[in-house]
Number of protein chains: 2
Amino acid sequence: MVKKIESTEEKIITSAKSVFIRKGIDGARMQEIADEAGINKSLLHYYFRSKDKLFDRVFSESFLPVAKTISRVFESSPDINTLIEGFVTNYIILLRKNPHLPHFILHELNRNPERIVEQIQSSNFNKTRIVELLSNDADANKLKAFDPIHIVVNIIALCVFPFVAQPILQGFLFNDNEADFQKFINERTQHIIAFVKSAIFINHS
Amino acid sequence: MVKKIESTEEKIITSAKSVFIRKGIDGARMQEIADEAGINKSLLHYYFRSKDKLFDRVFSESFLPVAKTISRVFESSPDINTLIEGFVTNYIILLRKNPHLPHFILHELNRNPERIVEQIQSSNFNKTRIVELLSNDADANKLKAFDPIHIVVNIIALCVFPFVAQPILQGFLFNDNEADFQKFINERTQHIIAFVKSAIFINHS
DNA sequence: AAATGATTTAACCAAATAGTTAATTTAAAT
DNA sequence: ATTTAAATTAACTATTTGGTTAAATCATTT
């Protein structure tokens, strides 16, 4: 393990990510970000002018990897089976590494939908791809006649929701036992793949 | 339509709900709540001592109806088909009336998970009910061997996610066209019911 | 080592905001 | 009508907080 020396700017970004993702832009305090980075608060403004600018940077750096991961799988899957398996597998891996990311993104998106517009432009997500894949297989009579858009939303929902709703699921379903929740998450990839395939394929075993 | 005279307390609650749900506790301003209620800011403190206390009241009043709706359907459904149909139908109706409610609840839950503990106690949600129902039908060999807990989470996820993610779905999938999104939501109840049944029943048509 | 520019800090400022107080108005009771 | 209590308001306070400034320190160049 190489001991990497973090530059001040990197320390700020790291700390700002942590605080913004946990508390949201309104709940975050510049002083807390500075404290967590172990630097003087003025340095935040020296490097990033304002809270808003710092936040924009954090949001970009958080959102882009997600968009990239999704995009990559969608582009590179030759058929619907590969797409489902690849998407769910990679997405859950990403979410397990960043469990608070979806809530952060959804929250700031709800508060300020405009902010996302540029982000969407810069990520080259191609929604027609899944429609193509689904249409092909549908023609071959292997698929039930579900609207592809609903299927896309379903797959994303099944992956993302448990992470967004962790506290409520843990409280309601797992008697506040975090280990049980983690076990649930560990089973999740295989379950979603099986569940979705079972739903959309005709004569699925 | 009876013109009901709202008491000051009711006016405050109504306005506080609106502001807190839109902006979260950190983003909300007591002055804005007072303005929207058409009263002096001091009255907020006169009736509810502090922002936190006012928020607690709003959160309870928002959360309980959701828990009640879910609970009622779970209790009253004699079989798994009725449960799925009843749950999805009633839950989507509730969400369409209060589209920002899930995001509000999930956000404040993430910020302050402890706050929910009392709420959970007071709602008498019985998670074993669906396990019973699913076990019955599973014994009768009508159901595939999915873990009931995952199925519960799936159904809730499929209902709630589109509302939490409205801005991102609208942006990514519907080219920022709200009408298309609403059309999507209108189809959602029937789609989820068909999708879930197709996934879990053996030989589902 | 002197000079120069970049980085960092402590002290400060101004605006925003939750909460308080004391006076005023309204409503109810006698 | 007078008294009393509740409801409402305007003005104020204390604190938090994003942002600024000017001085100090560190690093680099000459």
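In what follows, chains are A, B, ... by sequence order, proteins preceding strands, each numbered from 1.
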- Query: Where do A/Arg72 and A/Ser76 land on the side-chain hydrogen bond (donor to acceptor under 3.5 Å, both in side chains) test, with the steps shown first?
  - Reply: CA-CA 6 Å; A/Arg72 184 158 26 82; A/Ser76 69; over 6 Å; no

Atom-pair distance ([atom1] on [X]; [atom2] on [N]), nearest Å:
X	N	atom1	atom2	answer
B/Lys11	D/dA7	NZ	P	13 Å
A/Asp35	C/dA10	CG	P	12 Å
B/Leu43	D/dT8	CG	P	5 Å
B/Phe48	C/dA18	CZ	C1'	16 Å
B/Asp26	C/dA18	CG	C1'	13 Å
B/Ile25	C/dA18	CD1	C1'	12 Å
B/His45	D/dT13	NE2	P	17 Å
B/Asn40	C/dT20	CG	P	14 Å

Do any side-chain nitrogens or oxygens of [X] fall under 4.0 Å of OP1 or OP2 in [N]?
X	N	answer
A/Ser42	D/dG19	no
B/Arg29	C/dA18	yes
B/Tyr47	D/dT8	yes

- Query: Sub-3.5 Å donor-acceptor pair from the side chain of A/Thr189 to the main-chain atoms of A/Thr89, do we have one?
  - Reply: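 Flag not set: sc A/Thr189 to bb A/Thr89 has no pair under 3.5 Å.
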
- Item | B/Ser15 side chain vs B/Lys11 backbone, donor-acceptor pair below 3.5 Å | no

- Take the angle between the ring planes of B/Tyr91 and B/Phe87 and call it parallel below 30°, perpendicular above 60°, tilted in between. tilted

- Query: Base, sugar-phosphate alone, or nothing: which one does A/Ala28 contact when heavy atoms must sit under 4.0 Å apart?
  - Reply: sugar-phosphate

Counting side-chain heavy atoms from C-beta on, which of [options] comes nearest to [X]?
X	options	result
B/Ile39	C/dT9, D/dT9, C/dG19	D/dT9
A/Lys41	D/dG19, D/dT8, C/dA18	D/dG19
A/Lys51	D/dA7, C/dT8, D/dG18	D/dG18

- Side chains of A/Tyr46 and A/Thr8 in contact at under 4.5 Å (non-hydrogen atoms): no

- Message: Taking the axis from the first five pairs and the axis from the last five, what angle separates them in the helix from C/dA1-D/dT30 to C/dT30-D/dA1, rounded to 10 degrees?
- Response: 0°

- Query: So, B/Lys197 and B/Glu85, do they make that salt bridge, N to O below 4.0 Å?
  - Reply: yes

- Message: Please determine whether a side-chain nitrogen of the Lys or Arg among A/Glu178 and A/Lys183 lies less than 4.0 Å from a carboxylate oxygen of the Asp or Glu.
- Response: no

